[in-house]
A.B. asks: 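One structure coming up, written as structure tokens, with questions to follow.
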Amino acid sequence: MAMREGSGRFGLWPVSVAWDGVCIHRVWFGRSGGRDPIPQEITEFLAGRRTDLSLFSSPAEEADGVSARIYRIVREIPYGETRTYGEIGASAGTHARVVGGALARNPTPIIIPCHRVVGKREIGGFTPDTAIKKELLDLEARTRRKGSLNSRKS
DNA sequence: CAGTGTTCAGGAT
DNA sequence: ATCCTGAACACTG
């Protein structure tokens with residue numbers, strides 16, 4: 001199977017994906033991915049019509065080392081929930097700042113939901129724009145509320 | 001080795 | 001609320 005590249009959109013931001021079958025090599029915010037479409041499941045996710053992207057794999061989480069361990073832990077954060085850098089660090093047996101460093105180099109945002117990792121006091125950062133992080137969290141909050149009419153808490 | 005990062009807690013103002 | 005400090009540490013060049 002050959003590597004393909006395509007572009008889609010998340011609100012105001014162009015999103016590009018480089019992938020090969022279910023293996024997502026890279027996801028970035030920008031339109032250098034060309035004019036071909038991206039995988040339909042990702043398009044649906046970005047539109048709030050899908051909450052699960054676990055069918056895809058990312059090479060980054062299969063490697064050895066602390067960063068890969070962090071990526072695997074981050075992928076287990078349920079849709080619509082968040083964890084702090086400190087919590088992820090404790091789970092991975094390392095320090096919060098290392099989590100920040102690993103997520104800053106995350107080659108596949110969205111697939112590895114680094115936007116669900118926030119600071120204890122601040123929302124934390126996001127490349128290229130924290131507004132995207134806020135928007136993603138907002139999308140997940142809205143989508144989850146819409147989809148679970150029986151789990152409202154007063 | 002030096003520099004860099006999406007942190008955290010504590011203290012001063 | 002904002003600013004500064006020191007600690008902790010994987011990864012890159």
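Convention: sequence-line order gives letters A, B, ...; per-chain numbering from 1.
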A.B. asks: Counting distance only, does the side-chain N/O of A:S16 pair as donor-acceptor with the main-chain N or O of A:G30 below 3.5 Å?
C.D. replies: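 Answer holds: yes.
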A.B. asks: Nearest whole Å is fine: how far is C:dT5 C1' from A:R97 CZ?
C.D. replies: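 About 12 Å, once rounded to whole Å.
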A.B. asks: Nearest whole angstrom, please: distance from the P of C:dC11 to the CG of A:L103.
C.D. replies: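 For the pair A:L103 CG and C:dC11 P, the rounded distance is 13 Å.
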A.B. asks: Counting side-chain heavy atoms from CB outward, which of C:dC11, B:dC8, C:dC9 is closest to A:A96?
C.D. replies: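 For the A:A96 side chain, the nearest candidate turns out to be B:dC8.
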A.B. asks: Is a salt bridge present between A:R75 and A:E61, judged by a nitrogen-to-oxygen distance below 4.0 Å?
C.D. replies: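 Answer for the salt bridge query: yes.
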A.B. asks: Whole angstrom is fine here: how far is it from CZ in A:R69 over to C1' in C:dC11?
C.D. replies: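 Rounded to the whole Å, the gap is 14 Å.
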A.B. asks: Out of C:dC11, C:dA10, B:dT6, which nucleotide sits closest to the side chain of A:V98?
C.D. replies: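 Nearest nucleotide to the side chain: C:dA10.
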A.B. asks: Can you confirm whether A:Y71 sits close enough to A:R69 that some side-chain heavy atom of one is under 4.5 Å from a side-chain heavy atom of the other?
C.D. replies: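 Result no, sub-4.5 Å side-chain heavy-atom pair not found.
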A.B. asks: Under the salt bridge (Lys or Arg N to Asp or Glu O under 4.0 Å) criterion, do A:R116 and A:E140 qualify, and how do the steps go?
C.D. replies: CA-CA 10 Å; A:R116 294 181 198 147; A:E140 297 196 356; 2.9 Å; yes
A.B. asks: Using purine N1 to pyrimidine N3 plus N6-O4 or O6-N4 for Watson-Crick, or N1-O2 and O6-N3 for G-U wobble, each under 3.5 Å, what pairs with C:dT12?
C.D. replies: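 By the stated definition (distances under 3.5 Å), B:dA2 pairs with C:dT12.
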A.B. asks: Do A:W19 and A:M3 come close enough that some side-chain heavy atom pair is under 4.5 Å?
C.D. replies: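 No, side chains not in contact.
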A.B. asks: Measure from CZ on A:R105 to P on C:dA10 and round the result to the nearest Å.
C.D. replies: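 Nearest whole value for this atom pair: 11 Å.
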A.B. asks: Measure from NE2 on A:H95 to P on C:dG6 and round the result to the nearest Å.
C.D. replies: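 Spelled out: NE2 on A:H95 to P on C:dG6 is 15 Å.
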A.B. asks: A:L136 versus A:I110: any side-chain heavy-atom pair under 4.5 Å?
C.D. replies: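 Heavy-atom side-chain distance check passes, below 4.5 Å.
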A.B. asks: Under 4.0 Å from OP1 or OP2 of B:dA9: is there any side-chain N or O of A:K120 that close?
C.D. replies: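 Checking B:dA9 against A:K120, a side-chain N or O does come within under 4.0 Å of OP1 or OP2.
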A.B. asks: Rounded to whole angstroms, how far apart are CD1 on A:I110 and C1' on B:dT6?
C.D. replies: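 Rounded to the whole Å, the gap is 15 Å.
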A.B. asks: From the options B:dC8, C:dA8, C:dC11, select the nucleotide whose nearest atom is closest to the side chain of A:V66.
C.D. replies: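 For the A:V66 side chain, the nearest candidate turns out to be C:dC11.
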A.B. asks: Look at all strands and tell whether A:T127 reaches a base, only sugar-phosphate, or nothing, counting heavy atoms closer than 4.0 Å.
C.D. replies: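 Touches a base.
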A.B. asks: Please list, in numerical order, the residues of residues 10-18 of chain A that have a heavy atom closer than 4.0 Å to any atom of DNA chain B.
C.D. replies: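 Within residues 10-18 of chain A, no residue comes under 4.0 Å of DNA chain B.
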A.B. asks: Please tell me if the side chains of A:R31 and A:R9 come closer than 4.5 Å, counting only heavy atoms from C-beta onward.
C.D. replies: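 Yes; the side chains approach each other to less than 4.5 Å.
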A.B. asks: Taking atom P of B:dT7 as reference, at what distance in whole Å does atom CZ of A:F126 sit?
C.D. replies: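 These atoms are roughly 14 Å apart.
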A.B. asks: When the distance from CZ of A:R121 to P of B:dT7 is rounded to whole Å, what number comes out?
C.D. replies: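 To the nearest whole Å, that distance equals 12 Å.
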A.B. asks: Picking from C:dA10, B:dT7, B:dC8, which would you name as closest to the side chain of A:S67?
C.D. replies: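 Minimum distance to the A:S67 side chain belongs to C:dA10.
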A.B. asks: Taking C:dG6 as the reference, what is the distance to B:dT6 when you measure between their P atoms (whole Å, please)?
C.D. replies: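 22 Å, rounded to whole Å.
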A.B. asks: Have a look at A:G100 and say if it touches a base, only the backbone sugar-phosphate, or nothing, with a 4.0 Å heavy-atom cut-off.
C.D. replies: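 Sugar-phosphate, no base atom in range.
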